[in-house]
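Reviewing the structure listed below.
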Amino acid sequence: MLLLALDTATPAVTVALHDGTSVIASSSQVDARRHGELLLPAVHRVLAEAGLRLDAVTGIVVGVGPGPYTGLRVGLMTADTFGLALGVPVHGVCTLDGLAYAADVEGPFVVATDARRKEVYWARYADRRTRLSEPAVDRPAEIDEAVAALPAVGAGALLYPDTFADARAPENVSAAALASLAAERLAAGEELEPPRPLYLRRPDAQVPKNYKVVTPK
Amino acid sequence: MADEPLVLGIETSCDETGVGIVRGHTLLADAIASSVDEHARFGGVVPEVASRAHLEAMVPTIERALKEAGVSARDLDGIAVTAGPGLAGALLVGVSAAKAYAYALGKPLYGVNHLASHICVDQLEHGALPEPTMALLVSGGHSSLLLSTDITSDVRPMGATIDDAAGEAFDKIARVLNLGFPGGPVIDRYAKEGDPNAITFPRGLTGPRDPAYDFSFSGLKTAVARWIEARRAAGEEVPVRDVAASFQEAVVDVLTRKAVRACKDEGVDHLMIGGGVAANSRLRVLAQERCEAAGIRLRVPRPKLCTDNGAMVAALGAEMVARNRAASDWDLSADSSLPVTDPHVPGNGHAHTHDHVHEVAKENLYP
Ligand SMILES: [Zn+2]
């Protein structure tokens with residue numbers, strides 16, 4: 001097994017190779033505005049570090065978000081197209097699950113990432129591998145009760161200390177965690193999610209400026 | 001010829017997910033998925049809706065193009081993609097797909113200019129582009145007059161709209177007339193039964209002191225809307241066919257007049273017209289008349305090649321391969337305002353063919 005994992009749902013552009021036993025190469029760069037530029041060179045670098053070519057990969061793992069759309073699509077489109085060109089399966093993993101898997105927390109906790117517009121993407125977890133709620137997008141103040149007193153990981157938690165009093169690292173997701181989680185689930189014979197984006201919001205429909213029609217039809 | 005470059009092109013600058021495959025000047029596949037219906041109720045293209053649709057449609061559209069062309073991805077000589085100009089988020093989906101595809105297949109990547117692609121597509125219809133060629137590009141997103149001596153390295157802006165694109169004016173007038181979106185085809189249809197001389201609408205930027213090759217459609221749009229509203233306010237019926245015909249005449253009159261003048265001034269004997277508005281039947285007829293009178297050869301591709309599509313991107317990509325232009329780097333980014341003077345985005349590690357005479361000439365075009 002050789003999994004190529006990538007995620008662009010948070011400000012991190014992160015890529016990792018996993019051989020079924022462990023992560024053999026990885027790269028993470030934080031630059032929210034350059035996902036499109038950074039991802040392919042990062043893939044190339046990680047493969048070079050492992051001394052492998054892309055066609056050795058047996059499966060693609062991609063973070064499906066939730067995350068700001070423009071960046072999120074870079075990872076998904078890249079993963080989909082690799083899958084097409086290589087003829088290998090493309091597996092989706094919720095980006096929040098990747099963050100949870102990398103958390104160093106005992107007992108229940110929360111994962112929250114920055115959804116911009118003063119909102120967070122978030123979900124509750126029983127432990128590193130078990131998500132208790134569907135990913136959601138909300139204003140921190142609106143979820144005070146649901147997350148009160150729980151430890152929280154992710155940039156969304158670090159950003160809103162009033163809601164997340166016990167905020168911790170990691171801030172951004174790593175493809176290494178995503179790959180390890182996927183490898184574990186695949187080894188256990190579990191089905192992974194389809195590589196479909198979790199937008200959680202409807203598109204902003206900006207209706208172009210209209211002429212006032214004096215008399216309707 | 002089998003040794004002509006086999007190139008796959010990806011276009012996502014607006015609402016069409018286009019994947020085309022060409023061998024040199026021969027069109028092999030032109031697969032399109034459009035999200036136009038999803039935009040219709042908004043009366044214009046909603047960028048986020050378009051970007052989401054591109055992500056969904058990309059892989060199936062690539063598969064459809066390969067099947068249609070009857071070629072294997074392994075046999076491609078390169079992957080071309082619209083790097084700009086266009087909607088930033090929409091472009092990024094196509095660029096991401098093209099980079100991943102080229103990298104996975106081990107093929108060179110060519111990030112190309114959307115406007116140059118609109119010109120180059122005519123090679124699929126009428127063979128090699130004459131050098132130089134004057135090009136009039138008109139669509140919902142652009143209205144430009146361009147002069148090219150080599151479509152892979154030298155595209156010079158002669159003029160452009162200073163406000164709305166021509167296609168935008170069609171959309172807006174169609175909306176005022178309650179005819180729906182997009183406006184181009186429906187205005188064309190109503191205009192066929194109307195009198196183009198019924199109402200004299202203004203011809204923008206055609207005064208003696210106005211820039212010779214620039215366009216303006218904002219004043220026309222307002223004049224038509226006011227005219228319609230005045231009729232409605234007076235309780236009179238709006239003669240939709242005559243308004244459509246007269247408005248359309250004002251647009252195509254200015255477009256063809258300026259394009260022919262640019263050809264004469266520059267001593268260019270070929271004019272190509274591209275972009276979605278090139279599908280307009282009156283524009284085609286009037287351009288043909290005026291070109292014939294001026295001794296200019298007119299080249300207009302079939303309507304499906306005039307609107308945004310992947311074949312035009314593949315056509316320019318194939319020309320890049322044929323002329324040994326430098327491929328793009330893996331860090332190629334989408335550039336929503338890629339200058340028209342950059343037919344493609346060569347990688348950093350390579351020498352960029354540059355013609356300094358043209359650089360100077362380009363600056364002189366803007367007084
Ligand atoms: Zn176009």
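Values below: every heavy atom of this structure, side chains too, minus hydrogens, waters and symmetry copies. For clarity, every value in this text was computed on a predicted model and none was experimentally measured. Naming: A, B, ... by sequence-line order, numbering from 1 per chain.
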In terms of heavy-atom proximity below 4.5 Å to chain B, should A/Leu72 be classed as side chain, backbone, both, or neither?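 Interface part for A/Leu72: neither.
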Please classify the contact of A/His44 with chain B as side chain, backbone, both or neither, using a heavy-atom distance under 4.5 Å.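 A/His44 touches chain B through backbone and side-chain heavy atoms alike.
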Can you tell me which portion of [X] sits under 4.5 Å from chain A's heavy atoms? Options are side chain, backbone, both or neither.
X        : answer
B/Leu55  : both
B/Val93  : both
B/Ile228 : neither
B/Ala97  : both

[X] side, atom [atom1]; [Y] side, atom [atom2] - distance, nearest 0.5 Å:
X        : Y       : atom1 : atom2 : value
B/Ser333 : A/Arg34 : OG    : CZ    : 8.5 Å
B/Leu66  : A/Leu84 : CG    : CG    : 7.5 Å
A/Glu37  : B/Ser96 : CD    : OG    : 11.0 Å
B/Met58  : A/Leu76 : CE    : CG    : 13.0 Å

Atom of A/Thr81, atom of B/Ala100 and distance for their closest heavy-atom approach: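 Looking at all heavy atoms of both residues, the shortest contact is CB-CB, 3.8 Å.
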Based on non-hydrogen pairs under 4.5 Å, which of A/Thr70, A/Val74, A/Leu38 is most in contact with chain B?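 Greatest number of close heavy-atom pairs with chain B: A/Val74.
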Select, from A/Thr78, A/Val43, A/Asp55, A/Val57, the one with the greatest count of heavy-atom pairs under 4.5 Å involving chain B.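 Max contact count across the listed options: A/Thr78.
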Polar side-chain atom of B/Lys99 near backbone of A/Gly36 as donor-acceptor pair, under 3.5 Å: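 Yes, because the side chain of B/Lys99 sits within donor-acceptor range (under 3.5 Å) of the backbone of A/Gly36.
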Heavy-atom pairs under 4.5 Å with chain A: which of B/His54, B/Glu63, B/Arg52 has the most?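 It is B/Arg52.
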Could you check whether the rings of A/Phe82 and B/Tyr103 sit parallel, tilted or perpendicular, using 30° and 60° as the cut-offs?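 If you compare the ring of A/Phe82 with that of B/Tyr103, the planes turn out tilted.
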Are there residues of residues 9-17 of chain A that reach to under 4.5 Å of chain B by heavy atoms, and which ones?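 Under the 4.5 Å heavy-atom cut-off, nothing qualifies.
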If you count the non-hydrogen atoms of other residues, nucleotides and ligands that lie under 6.0 Å from [atom1] in [X], is the total more than 12?
X        : atom1 : result
B/Glu237 : CD    : no
A/Glu191 : CD    : no
A/Arg45  : CZ    : yes
B/Arg226 : CZ    : no

Short N-O contact, B/Glu48 and A/Arg202, less than 4.0 angstrom: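 The answer is no: the pair does not qualify as a salt bridge.
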